[in-house]
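What follows is a single structure, written as structure tokens, with notes after it.
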Amino acid sequence: THVIRSSPAFWRNTLSETKGDIAMYYWVVSLFGVLAVSAQNTGDVRLRGGETTNQGRVEIYYSGEWGTVCDDSWDLYNSNVVCRQLGYSSAFLYHTRAYYGQGVGRIWMDEVDCSGTESGLRYCSFPGWGVGDCSHSKDVGVYCTTSSTISGTVRLAGSTTSNEGRVEVYYSGQWGTVCDDGWDVDNARVVCRQLGYPGATTFRANAYYGQGTGNIWMDDVNCDGSETALSSCPFSGWDVSDCSHSEDVGVVCSTSGTVSDGDVRLVGGSSSYEGRVEVYHSGVWGTVCDDEFDNNEAEVVCRQLGYSTSQPKARGGAYYGQGSGTIWLDNVNCYGSESRLSHCNHNVWGSNDCGHGEDVGVECNDINLAVIIAISVTVPIVFIIIVVVTAVCVYLRYRRRGNMTATTVAYSGFQQPELQVSVGNKQTQPSSAAYPSPNSNTVTSHPGDCPPSYPMATGQAPAYPPQGNAHPFPHSGDAYPFGPQPGGVYSPPQPTGGYPPPS
């Protein structure tokens, strides 16, 4: 038997050693905690200042410290990249002008331009870390969605191409199929437009793309073709069906002119430049509530559609008729300079307190912006061409007149001929000229007439008498004043003593 004897000194030493071990353990744990907290990677992002963890001011980690991001050129594509980097499916919206409060420290990024496919914000295009002209009053924030799929969303499955496949619809937290009973091309068109395609080519019955699994959510669907979502069409009811998966329906969508998230259109108007505003999001067309919607927002819609932004009009109260399906946007607040309506501040997608009686409409100027640009570019070009051509013509004309071109010789009886020379724009011309009178060997003077002329070398006087056919009259065979001359040589009457030398 071993007896452990203790003494006050023994317990004091033991307790002292234990305190030292506890202190050492505490410092080791603290050190690991600090290292764990500080183990951030360049390009990590976080949200701060929001009421929930899925919203807030965007902050990014670089060079050992967190900094903010400027809202210059920020859009929904950038927001989607941030939200996916944080583990969310996408972004509902984003906020500019320090909506979630101003940050502190560095502003690491400015003029960010993402394509939307990047795995992290740092992979997007931007001028450089810490390069920018912003203050913290322009710190950007995002609001990420916490649900990856919205009830009524559709998709195509069972095909090797994205524009065709078995129709599946999301409801009650899971995907299910659609029965082909009563299915027609109008139903197919609604599915394809909901997916962002311009229309449907055809549909396939009897599980053409293979049998699905799970619930058959919809049966006896009867769309008129104008609906914005399949779930807006009449049908037997969710999960009410007498079908098996051997009747799963499929569609083939046309691929020309596809639609992108955030695209807008005008519906229900009497022309293409007016109507109820509908916006495309998450594969579904939906309407926009008229709360806070004014001409600034109308200007953005018109610009996005390519119309002139001159004097647009916002029309509330379902002016162009009530839409159906989801009301995607509410409390939209644009500056008026945005290129897309989805770039404006607004509530979370699908979050609203409106009914379709508040669907907003817009009337744009009927002059297409592309036409205005074409005219503004073409008219000055045409004007410049006209001016240049006119100037060249005038220049050539005056240059021709300005050359010393020819002399004219007048025969007045048997007197010394007179010489006419054109110099510059001035002409010296005798007051009277003498021509041989037709059918006569006499010479008749016609005051004020121009004497016949023929070209000669500049600065030279004509040679007399004319040699051969070189004379001021037409060639042999023409109607001479004296008639045709034998041998083709014209011999004018010779004065006594011949021609005097030229003066």
Side-chain angles (χ1 to χ4, degrees), residues 37-50 52-146 148 260-264 279-282 300 303-304 329 332-346 348-349:
V37 170
S38 62
Q40 302 292 338
N41 296 316
T42 293
D44 285 351
V45 294
R46 68 184 184 183
L47 302 180
R48 290 291 183 268
T52 58
T53 57
N54 63 311
Q55 61 176 309
R57 180 179 60 255
V58 178
E59 296 186 355
I60 188 166
Y61 189 81
Y62 178 73
S63 190
E65 66 177 294
W66 289 95
T68 62
V69 179
C70 183
D71 62 15
D72 288 348
S73 302
W74 192 267
D75 58 21
L76 195 61
Y77 294 109
N78 302 351
S79 304
N80 282 331
V81 171
V82 170
C83 291
R84 283 202 306 272
Q85 186 176 350
L86 290 169
Y88 299 102
S89 60
S90 61
F92 276 127
L93 74 163
Y94 64 92
H95 291 291
T96 59
R97 297 190 176 184
Y99 180 88
Y100 293 105
Q102 296 187 24
V104 295
R106 301 293 297 272
I107 300 175
W108 280 130
M109 302 179 76
D110 187 14
E111 300 287 352
V112 182
D113 183 19
C114 304
S115 66
T117 60
E118 295 84 354
S119 59
L121 189 64
R122 69 188 179 100
Y123 298 116
C124 300
S125 173
F126 65 103
W129 296 103
V131 178
D133 57 355
C134 298
S135 66
H136 283 295
S137 63
K138 301 181 74 176
D139 288 342
V140 75
V142 300
Y143 196 129
C144 303
T145 177
T146 56
S148 60
S260 302
D261 199 270
D263 282 356
V264 296
V279 61
Y280 188 81
H281 179 68
S282 192
V300 173
R303 179 182 297 110
Q304 184 173 350
L329 297 178
V332 182
N333 183 16
C334 304
Y335 298 117
S337 58
E338 295 86 351
S339 60
R340 296 171 66 85
L341 188 66
S342 58
H343 293 176
C344 303
N345 288 322
H346 55 80
V348 172
W349 288 94

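Atoms CE and OH, from M109 and Y62 in turn, are 11.0 Å apart once rounded to the nearest 0.5 Å. A distance of 6.5 Å separates OG in S337 from CZ in R303, rounded to the nearest 0.5 Å. Taking CD1 from I107 and CG from D139, the interatomic distance works out to 5.5 Å, rounded to the nearest 0.5 Å. The distance from atom CG of N345 to atom SG of C334, rounded to the nearest 0.5 Å, is 8.0 Å. From I60, atom CD1 reaches atom CZ of R106 across 13.0 Å, with rounding to the nearest 0.5 Å. Distance OG1/T53 to CG/L86: 9.5 Å, rounded to 0.5 Å.
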Hey, mind stepping through R340 and D263 against salt bridge (Lys or Arg N to Asp or Glu O under 4.0 Å) and telling me if it holds? CA-CA 8 Å; R340 296 171 66 85; D263 282 356; 3.0 Å; yes
Please walk me through it: do C344 and V300 pass side chain to side chain contact (heavy atoms under 4.5 Å, CB included)? CA-CA 9 Å; C344 303; V300 173; 4.3 Å; yes
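Two residues are said to be in side-chain contact when any heavy atoms from C-beta on lie closer than 4.5 Å; R122 and W129 meet this criterion. At a threshold of 4.5 Å between non-hydrogen side-chain atoms, the residues V142 and C83 count as touching. A heavy-atom distance below 4.5 Å is not found between the side chains of D261 and S342. D72 places a side-chain heavy atom less than 4.5 Å from the side chain of D133. Counting heavy atoms from C-beta outward, L341 and Q304 have side chains that approach closer than 4.5 Å. In this structure, L47 and N54 have side chains that are not in contact, with every pair of non-hydrogen atoms separated by 4.5 Å or more. A heavy-atom distance below 4.5 Å is found between the side chains of W108 and E65. A 4.5 Å side-chain heavy-atom check between R97 and K138 finds every atom pair outside the cut-off.
Proximity of the aromatic rings of Y143 and H95 is defined here by a centroid distance below 6.0 angstrom, and this criterion is not met.
Side chain to side chain, E59 and T68 fail the donor-acceptor criterion of an N or O pair below 3.5 Å. Between the side chains of W74 and S79, at least one donor-acceptor pair of N or O atoms lies under 3.5 Å.
Taking a 6.0 Å sphere around OH of Y335, one finds it holds more than 12 heavy atoms contributed by other residues, nucleotides or ligands.
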